Amino acid sequence: MYSIWVESSSKQLTQIKKVIKTLSEEENKDYFEPHVTLVTNLNSEHSAMNVFDKISKKRFDITFDTIQEGTTYFQRLFLTSTDNTNFQNSIIDIEGWPSLWIPHLSLFYGNELPKSYPSKDFDNLIPVTVTFDTLVLSETGPIVSKWKEITTLFLD
C-alpha cells in the first residue's frame with residue numbers, strides 16, 4: 001500500500017517529535033516522523049504517483065488546537081485542527097477523495113492509549129501552528145518499521 005502525506009522541516013515540531021519519541025520508547029513501539037496523511041490505501045506506486053501529481057504543491061500553515069483519542073491503531077492519540085481548509089485545498093483535485101477523511105497528526109499508534117496519557121507533558125503541546133513544506137510518497141502498511149519513502153518534494 002502507498003500513502004501520501006505532508007511533513008514540516010521547521011522547528012515547530014520539536015516538542016511533538018519529543019512526545020512521539022517518548023511515547024514510542026515507553027510503549028515499545030516504532031518511532032515515526034510527525035506527518036499528516038493526505039491520501040492512503042493507494043494500491044500501486046503508479047497510481048500513487050498519479051495522485052501525488054494532483055496534490056497542490058504550495059506550502060501551508062495549520063494550527064492544531066485539540067488532542068483527541070481515537071479507536072483505531074493508526075488514530076489512537078492525535079492532534080486535530082478546527083480549521084482544515086488548507087488540507088482540503090491541497091487535495092481538492094483528487095476525484096473521489098476524501099470520503100470520511102479527518103486530517104490529523106498522530107502522536108501515538110497502538111491498540112490502547114499510552115500509559116502516560118494524560119499527563120502534564122501534554123499541557124503545553126497545543127495550540128501549535130505548523131508550516132507544512134514537504135510532500136512525501138511512502139510505501140506503507142501495518143508495520144511502521146517497514147515503511148519506505150519513495151519520493152519527497154519540497155513545497156513552494
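Note that the structure is predicted; figures quoted are calculated from it, not measured.
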Heavy-atom side-chain proximity of [X] to [Y] below 4.5 angstrom:
X: Leu23; Y: Ser116; value: yes
X: Tyr73; Y: Asn111; value: yes
X: Thr151; Y: Met49; value: yes
X: Leu79; Y: Thr66; value: no
X: Gln15; Y: Val128; value: no
X: Leu38; Y: Leu135; value: yes
X: Thr71; Y: Gln75; value: no
X: Leu155; Y: Thr134; value: no

CA sep, side-chain torsions, deciding dist, call: Thr37, Thr40, side-chain hydrogen bond (donor to acceptor under 3.5 Å, both in side chains): CA-CA 7 Å; Thr37 301; Thr40 191; 5.9 Å; no
Under 3.5 Å, is there a donor on one side chain and an acceptor on the other for [X] and [Y]?
X: Ser138; Y: Glu149; answer: no
X: Asp83; Y: Ser81; answer: no
X: Ser90; Y: Ser56; answer: no
X: Asp61; Y: Thr129; answer: no

Counting N and O atoms only, with roles assigned by atom type, does the side chain of [X] sit under 3.5 Å from a partner on the main chain of [Y], one being a donor and the other an acceptor?
X: Thr22; Y: Val19; result: no
X: Asn84; Y: Ile102; result: no
X: Arg59; Y: Phe132; result: no
X: Trp147; Y: Gly141; result: yes
X: Asp156; Y: Lys58; result: no

Quick one: pull up [atom1] in [X] and [atom2] in [Y] and give me the separation to the nearest 0.5 Å.
X: Leu113; Y: Leu107; atom1: CG; atom2: CG; result: 11.0 Å
X: His104; Y: Gln68; atom1: NE2; atom2: CD; result: 10.0 Å
X: Leu105; Y: Thr80; atom1: CG; atom2: OG1; result: 10.0 Å
X: Lys146; Y: Asp30; atom1: NZ; atom2: CG; result: 10.5 Å
X: Leu42; Y: Met1; atom1: CG; atom2: CE; result: 9.0 Å
X: Asp65; Y: Thr82; atom1: CG; atom2: OG1; result: 4.0 Å

Candidate pair Trp5 and Val36, rule side chain to side chain contact (heavy atoms under 4.5 Å, CB included), full reasoning: CA-CA 5 Å; Trp5 56 63; Val36 175; 5.7 Å; no
Closest non-hydrogen atom pair, Glu7 against Pro34: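 Nearest pair, atom of Glu7 first, then Pro34: CG-O, 3.8 Å.
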Candidate pair Val144 and Phe74, rule side chain to side chain contact (heavy atoms under 4.5 Å, CB included), full reasoning: CA-CA 10 Å; Val144 175; Phe74 288 109; 4.0 Å; yes
Candidate pair Gln12 and Thr131, rule side chain to side chain contact (heavy atoms under 4.5 Å, CB included), full reasoning: CA-CA 8 Å; Gln12 300 157 319; Thr131 300; 3.5 Å; yes
Validation row, ring centre Tyr109 to ring centre Phe32 under 6.0 Å: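 Here the rings of Phe32 and Tyr109 have centres that are less than 6.0 Å from each other.
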Near-ring test Phe108/Phe78, centroid separation under 6.0 angstrom: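 Between Phe78 and Phe108, the centre distance exceeds or equals 6.0 Å.
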Row check, Tyr2 ring normal vs Lys148 NZ/CZ: under 6.0 Å, within 45°: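 No.
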Residues Lys17, Glu33: salt bridge by 4.0 Å N-O rule: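 Judged by the 4.0 Å cut-off on N to carboxylate O distance, Lys17 and Glu33 do form a salt bridge.
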N-O pairing of Lys115 and Glu27 below 4.0 Å: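 Here Lys115 pairs with Glu27 in a salt bridge, since their nearest N and O are under 4.0 Å apart.
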Over 12 foreign heavy atoms within 6.0 Å of NZ, Lys57: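 Enclosed: over 12 neighbouring heavy atoms sit under 6.0 Å from NZ of Lys57.
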Crowding at CG, Asn43 (>12 non-hydrogen neighbours, <6.0 Å):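 Open: at most 12 neighbouring heavy atoms sit under 6.0 Å from CG of Asn43.
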Candidate pair Val136 and Ile4, rule side chain to side chain contact (heavy atoms under 4.5 Å, CB included), full reasoning: CA-CA 6 Å; Val136 179; Ile4 300 168; over 6 Å; no
